[in-house]
Amino acid sequence: TDAESSATPVAARPPASRPAPATPAEPWTVRDASDLFQVDGWGQGFFAVNDKGRVVVRPDRTPGREVDLYEVVAGLEERGIQPPVLLAFNDLLATRINDIHQAFGNAIKENSYQGRYHAVYPIKANQQFHLVNQVMQSGQPFDVGLEAGSKPELLAVLGLTADGRDRLIICNGFKEERYIRHVMLATKLGRTIIPVIENTRELDLILEQAEAYGVRPRIGVRVNLGVRGAGRWRHSSGSKAKFGLTIPSVLQVVDKLRQRDMFDCLQLVHCHMGSQIHDIRVVTSGVTELARLYVELIRLGAGLKYIDIGGGLGIDYDGSQTNYEFSTNYTLSEYAGNVVYRIMATCDDAGVPHPHIVTEGGRAMVSHHSVLVFNVVGAHRLDDYKLPTSLENGVAKRTDVPRPLEDLLEAYRNVSQARMLECYHDASQAREEALTLFKFGHLTLEDRAMVDRLFWATCLKMHHILRDMEAVPEELEKLEYRLSDTYFVNLSIFQSLPDIWAIDQVFPILPIHRLDEEPTREGTLADLTCDSDGKIDHFVDRQAVRRTLRLHELRDGEPYYLAAFLVGAYQETLGDLHNLFGDTNVVHVKMDEQWGWSIEQVVEGDTVKEVLGYLQYDVNQLYQAIRHDCERSVRAGRMTIAESRTMLSAYEGGLSGYTYLE
Ligand code: PLP
């Protein structure tokens, strides 16, 4: 049978078009807020809502030992550090590393497993220096290693492991001669470094370079498993996988190593079944297949010591613990238990000693530790289209009302549960006709405005009735979404949350304060870019992904902050400079026994000058061009000298400023 066809299908959680109706009798509590946004589900004890209605971070899950996010952001604003800001909690990262080790440690103990466990952090998940450095520090008690997927990553990894010779370094990705040379020389430095062969040509390069430098290398081999992964990255294994050797190619490697009397150098077998594996059955099946390969290679005489199951340990982004692609239907301890048990059982059956187990989970290690906080800069709401009686009567009294406007007024007045669909059809038809009339010059601008007003007022009237109806006609299901507010946020999705744009990823997003008040609005989020794709309209919900987010009314002169959680992996470094919005400020926050929390480090975001520099602008030349223009304007009498000075200092200030709204 075709192994690929046995892969479990991706379980799509259907979008929810309607929120669960509120229960007006019960007063709103912070517990309701926590339930609404599923904080306990995805928060995993690291995040909670406190009695003041604010989101708190508990880096080691201890209630009370917590950081109030609103307090942090307000404190940062006072210090002149503005949102959007990425808050990194290094204590939380340490807890995650500890959790992963504990899960494997427990599984090893429970199964009396004979090998050790090595976590290796693939820096591709987030290569920021402070983060990788922190992984090295927090991972010291467990000898956490590093994985490089490219030559630049390898050079960073080599520099970071100078004091950690025992840390395992796994080298994946495409390798040319220079890459391999770095590996051989690092072996001479005494590093525990394993280049993983991804194609047969790489073996020849390794053999050449090993001979040239007189090194007896450790070698790994990446196999392309028959089992296919699950979710977005399912093609990382299976017949069309980009990386990894087929079984016949593995045997060619075996032959070549044997011929050179170097079979003992083959120390590791590796696979990567894809990122964010949401179904435990894929893990079980892949690990069993890899373990079978391990024991077969041992039978042939390989000197294998390690079995490396790659990355893929998933994150429950929506807290639903389901087989949905942005959730996981397993826990960390179930994952560790399964991996250890499957390898053990396969080795025991073949009478082979248990290998050391290596994992390359990146997302699982670093996602939780950073939180992106951003402010709302305004909102657009269709409520503004509500129709005052005076306007309605005004239209009705006119003698020259164009036909579509008359039809719309009729539809507006007739809205009722029984005639819901009919009114919707009439209103839509009338609006379309009105637009045509406007295009051909038969409708004034004022009447065109009245048409829009009446149309949305009709939809709003329907919306109120729909809320109390059990079954909503299919055609009207999207009304909730169309009528929702748009909250404009000080953020670029392309820079800070690129996976929302690229793969429709769902991250938990919610207000970080005012959660003791019921959020009464429904909204989607629009970012600062002028791209219509720069929006967020998929949110975590109790039963399904929902298209709108419950939000609070904005209050004049009062900031309103939202945050996206679990954003520590693959976001910052995949982000781009769309519309020249640069890196955000990053602030490392740590628990402080005396003060509760303190700022450990501030990495300032890009200035306008910096992002222009990335794109080869000569900022001095730009400034000089403005200076000349000012001079010409002063001479022509269009500008005073004082105004020209203001212009120049504003331009200079702008160049040195933050790329986001300040
Ligand atoms: N190892 C390899 C070879 C990978 O390609 C990747 C990701 O693409 C990882 C590890 C990390 O995967 P994850 O972050 O899902 O654990």
Side-chain angles (χ1 to χ4, degrees), residues 73-88 126-131 152 156 370 372-378 488-498 501 525-535 557 559 561 571-588 599-662:
V73 176
L76 289 174
E77 291 244 32
E78 267 179 58
R79 291 165 175 83
I81 303 160
Q82 298 180 335
V85 59
L86 190 74
L87 302 176
N126 189 335
Q127 301 99 336
Q128 304 278 343
F129 169 72
H130 297 288
L131 169 77
S370 39
L372 179 74
V373 181
F374 47 96
N375 53 318
V376 172
V377 294
F488 298 99
V489 291
N490 192 13
L491 168 80
S492 158
I493 286 160
F494 303 92
Q495 176 61 259
S496 297
L497 298 166
W501 167 69
L525 307 181
D527 77 356
L528 292 182
T529 66
C530 59
D531 197 311
S532 54
D533 271 359
K535 63 170 193 259
Y561 298 111
Q571 302 312 298
E572 279 170 279
T573 51
L574 277 183
D576 67 29
L577 286 176
H578 193 9
N579 275 142
L580 299 187
F581 291 110
D583 278 343
T584 64
N585 292 320
V586 180
V587 174
H588 293 256
I599 296 172
E600 195 172 19
Q601 183 132 33
V602 176
V603 183
E604 282 188 28
D606 287 324
T607 59
V608 173
K609 206 188 285 187
E610 281 163 343
V611 295
L612 289 173
Y614 296 150
L615 298 167
Q616 301 90 44
Y617 283 85
D618 180 334
V619 175
N620 284 333
Q621 237 174 42
L622 297 180
Y623 183 76
Q624 288 310 327
I626 298 295
R627 183 190 277 281
H628 285 138
D629 207 11
C630 281
E631 205 48 50
R632 275 198 300 268
S633 301
V634 168
R635 287 190 183 280
R638 286 193 299 270
M639 204 179 221
T640 64
I641 292 181
E643 282 166 347
S644 89
R645 281 181 66 178
T646 307
M647 169 83 212
L648 284 172
S649 74
Y651 192 79
E652 202 172 16
L655 287 173
S656 311
Y658 203 16
T659 56
Y660 295 89
L661 302 189
E662 294 179 274

Quiz item: Do Leu661 and Asn375 touch side chain to side chain, with heavy atoms closer than 4.5 Å?
Solution: no

Self-check item: Within-4.5 Å side-chain heavy-atom neighbours: Asn490 and Leu528
Solution: yes

Practice problem: Enter the distance from Ile81:CD1 to Thr584:OG1 here, rounded to the nearest 0.5 Å. | Solution: 12.0 Å

Quiz item: Are Leu525 and Leu491 close enough that some pair of their side-chain heavy atoms sits under 4.5 Å apart?
Solution: no

Quiz item: How many angstroms lie between CZ in Arg627 and CG in Leu622, if you round to the nearest 0.5 Å?
Solution: 14.0 Å

Quiz item: Is a side-chain donor or acceptor of Arg79 paired with a backbone partner of Gly75 at a separation under 3.5 angstrom?
Solution: yes

Quiz item: Which heavy-atom pair separates Val608 from Gly654 by the least distance, and what is that distance?
Solution: CG2-O, 3.3 Å

Self-check item: Leu577 CG to Ser492 OG distance, which is reported to the nearest 0.5 Å
Solution: 8.5 Å

Self-check item: Neighbour count >12 (heavy atoms, 6.0 Å) for atom CG, Leu615
Solution: yes

Practice problem: Take atom OH of Tyr617 as the centre, draw a 6.0 Å sphere, and report whether it contains more than 12 heavy atoms from other residues, nucleotides or ligands. | Solution: no

Quiz item: Under a 4.5 Å cut-off applied to non-hydrogen side-chain atoms, are Phe581 and Phe494 in contact?
Solution: no

Self-check item: Gln82 to Asn585 - nearest heavy-atom pair and separation
Solution: O-ND2, 3.0 Å

Quiz item: Side chains of Glu631 and His628: does their closest heavy-atom pair fall under 4.5 Å?
Solution: no

Quiz item: Are any of the side-chain heavy atoms of Pro83 and Glu77 separated by less than 4.5 Å?
Solution: yes

Quiz item: Between Ile493 and Thr529, does a side chain to side chain contact (heavy atoms under 4.5 Å, CB included) hold up when you go through it step by step?
Solution: CA-CA 8 Å; Ile493 286 160; Thr529 66; over 6 Å; no

Exercise. Go through the steps to decide whether Leu655 and Tyr651 satisfy the test side chain to side chain contact (heavy atoms under 4.5 Å, CB included), and finish with yes or no.
Key: CA-CA 6 Å; Leu655 287 173; Tyr651 192 79; 3.7 Å; yes

Exercise. Let me know which of Asp583, Asn579, Thr659 forms a side-chain contact (heavy atoms from CB on, under 4.5 Å) with Val611.
Key: Thr659

Quiz item: What heavy-atom pair brings Tyr660 and Gly582 nearest, and what distance separates the two atoms?
Solution: OH-O, 2.6 Å

Exercise. Rounded to the nearest 0.5 Å, what's the gap from CZ on Arg645 to SG on Cys630? Could you check?
Key: 12.0 Å

Quiz prompt | Beyond-backbone contact of Asp527 with Phe374, side-chain heavy atoms, under 4.5 angstrom | solution = no

Self-check item: Spatial distance of atom CD (Glu572) from atom OG (Ser370) [nearest 0.5 Å]
Solution: 6.0 Å

Self-check item: Verdict with reasoning, Asn126 to Thr573, per side chain to side chain contact (heavy atoms under 4.5 Å, CB included)
Solution: CA-CA 6 Å; Asn126 189 335; Thr573 51; 4.1 Å; yes

Exercise. State whether the number of non-hydrogen atoms from other residues, nucleotides or ligands found under 6.0 Å of Glu604 atom CD is greater than 12.
Key: no

Exercise. Before giving the answer on side chain to side chain contact (heavy atoms under 4.5 Å, CB included), spell out for Leu87 and Leu76 the whole-Å C-alpha distance, their side-chain angles and the decisive distance to 0.1 Å.
Key: CA-CA 11 Å; Leu87 302 176; Leu76 289 174; 3.7 Å; yes

Exercise. May I ask you to test the Leu612-Leu580 pair for a side-chain heavy-atom distance under 4.5 Å?
Key: yes

Quiz item: Could you give the distance from NE2 (His588) to CD (Gln128), rounded to the nearest 0.5 Å?
Solution: 8.0 Å

Quiz item: Can you name the nearest heavy-atom pair linking Lys609 to Ser656, along with the distance?
Solution: NZ-OG, 3.7 Å

